[in-house]
Amino acid sequence: MINKSFVPFPILETNRLLLRLVEDSDVEQLYEVLSDAEVAKFDYFHPLTSIEQALKFIARFKNELEDNEEITWGIILKETNKLIGTCNMGSFDDGARRAEIGYDIAQSKWGKGYATEALGAVIEYGFKTMNLNRIEATITPGNDASVKVLTKLNFVHEGIVRERDLIKGKLEDGIMMSILKRDYEIII
């Protein structure tokens, strides 16, 4: 069984980042991240156009957490104490002890290793605390930067899942990548 005990909320820390609950007070920074067309380019949502939409995202994060459907961390840059993105884990399969991860990072922070650092902490939490056996990610073709991030984290490219996701009203293929607990344990 997966340990989905998210109370109290699991705060994760890395050298440069703090991963914590996304609060209403983060709304302007979340809006800044999710209103960027380049950030939203390969994601299911269109770029946000209002603070109210960002508040709805925060409410959804909290509802999914309460229902044990998904956990979303705000990625906080310690140096500035500002939210620079989010990362999440959801689509839990208790029997297979499997979950899926995803993330969004502010464009101004791309190429600095923050996604790799944040996801590394989430993956460690998934295997060590949640008792997961498999963590997977589905990447929209063309999102080469995400493939690169996951490759750095030792995810294996498993193939293409045809028309897997509805992205902005269009069925899109997905690049399936994963890491297994036994592979992770070899690395650490």
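Worth knowing before you read on, the calculation uses all heavy atoms, side chains too, and leaves out hydrogens, waters and symmetry mates.
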Do I135 and V161 belong together in a cluster built from hydrophobic side chains that touch within less than 4.5 Å? no
Does CD in E28 sit with more than 12 non-hydrogen atoms of other residues, nucleotides or ligands closer than 6.0 Å? no
Out of R134, K181, R182, which residue meets the side chain to side chain contact (heavy atoms under 4.5 Å, CB included) rule with F127? K181
Check whether any side-chain heavy atom of L132 lies under 4.5 Å from a side-chain heavy atom of Y184, and answer yes or no. no
Around atom NZ of K148, are there more than 12 heavy atoms of other residues, nucleotides or ligands at under 6.0 Å? no
Checking D36 side chain against E38 main chain: does a donor-acceptor pair fall under 3.5 Å? yes
Closest heavy-atom contact between T138 and M176? OG1-CE, 3.6 Å
Heavy atoms only: give me the nearest P47-S35 pair and the separation to one decimal. CB-O, 3.4 Å
Between NZ of K168 and OH of Y44, what distance do you get to the nearest 0.5 Å? 10.0 Å
Donor-acceptor contact present, side-chain N131 to main-chain M1, <3.5 Å: yes
Heavy-atom donor-acceptor pair, W73 side chain to P10 backbone, under 3.5 Å: yes
State whether the number of non-hydrogen atoms from other residues, nucleotides or ligands found under 6.0 Å of K82 atom NZ is greater than 12. no
Hydrophobic cluster identity match, V156 and I123, side-chain contacts under 4.5 Å: no
Any side-chain heavy atom of E70 sitting closer than 4.5 Å to one from F6? no
Salt bridge (Lys or Arg N to Asp or Glu O under 4.0 Å) for R164 and E100? Distances and angles first, verdict last. CA-CA 14 Å; R164 182 187 187 277; E100 185 171 352; 3.3 Å; yes
Within-4.5 Å side-chain heavy-atom neighbours: I101 and L150: yes
Test of understanding: clusters of I, L, V, M, F, W, Y form through side-chain heavy atoms closer than 4.5 Å, transitively. Do L19 and I11 belong to the same one? yes
Point-to-point distance, once rounded to the nearest 0.5 Å, from CG of L153 to CD of E124: 11.5 Å
Note: G102 and L119 closest approach over all heavy atoms is O-CD2, 4.2 Å
Taking it one step at a time, do K109 and L77 satisfy side chain to side chain contact (heavy atoms under 4.5 Å, CB included)? CA-CA 10 Å; K109 304 302 181 194; L77 185 58; 4.2 Å; yes
Can you find a pair of side-chain heavy atoms, one from I105 and one from V33, that are under 4.5 Å apart? no
Under the criterion side chain to side chain contact (heavy atoms under 4.5 Å, CB included), which of L21, I71, N88, T72 is the partner of F61? T72
Supply the atom-to-atom distance L34 CG to L48 CG, rounded to the nearest 0.5 angstrom. 5.0 Å
Can you tell me how far the NZ atom of K4 sits from the CE atom of M89, to the nearest 0.5 Å? 12.0 Å
If you count the non-hydrogen atoms of other residues, nucleotides and ligands that lie under 6.0 Å from CD in E79, is the total more than 12? no
Interatomic distance, CG@N154 vs CE@M177, rounded to 0.5 Å, equals 9.5 Å
Joint cluster assignment, L180 & M130, ILVMFWY side-chain distance < 4.5 Å: no
Before you tell me yes or no, could you show the steps for I175 and I160 under side chain to side chain contact (heavy atoms under 4.5 Å, CB included), namely the whole-Å CA-CA distance, both residues' side-chain angles and the distance that decides it to 0.1 Å? CA-CA 5 Å; I175 300 167; I160 301 291; 3.6 Å; yes
May I have the step-by-step check of side chain to side chain contact (heavy atoms under 4.5 Å, CB included) for E163 and D173, ending in yes or no? CA-CA 4 Å; E163 296 184 359; D173 293 347; 4.0 Å; yes
Return the minimal non-hydrogen interatomic distance between L30 and F57, and the atom names on each side. CD2-CB, 4.1 Å
Does the side chain to side chain contact (heavy atoms under 4.5 Å, CB included) test come out yes or no for D144 and F42, once each step is laid out? CA-CA 10 Å; D144 299 334; F42 297 107; over 6 Å; no
Main-chain N/O of T129 paired to N3 side chain as donor or acceptor, under 3.5 Å: yes
Output for pair (D26 CG, L55 CG), nearest 0.5 Å, gives 10.5 Å
Testing the basics here: between Y103 and V149, what is the closest heavy-atom pair and its distance to 0.1 Å? OH-CG2, 3.7 Å
Among the clusters formed by ILVMFWY side chains lying less than 4.5 Å apart, do L12 and I75 turn up in the same one? yes
Indicate the atoms forming the closest heavy-atom contact of Y125 with S5, along with that distance. OH-O, 4.0 Å
When you check the side-chain N and O atoms of T14 and E117, is any donor under 3.5 Å from an acceptor? yes
Side chain of Q29, backbone of L83: donor and acceptor closer than 3.5 Å? yes
In sequence, state the C-alpha distance, the side-chain angles, and the governing distance for E64 and R60, and then conclude on salt bridge (Lys or Arg N to Asp or Glu O under 4.0 Å). CA-CA 6 Å; E64 290 170 341; R60 192 189 85 223; 3.1 Å; yes
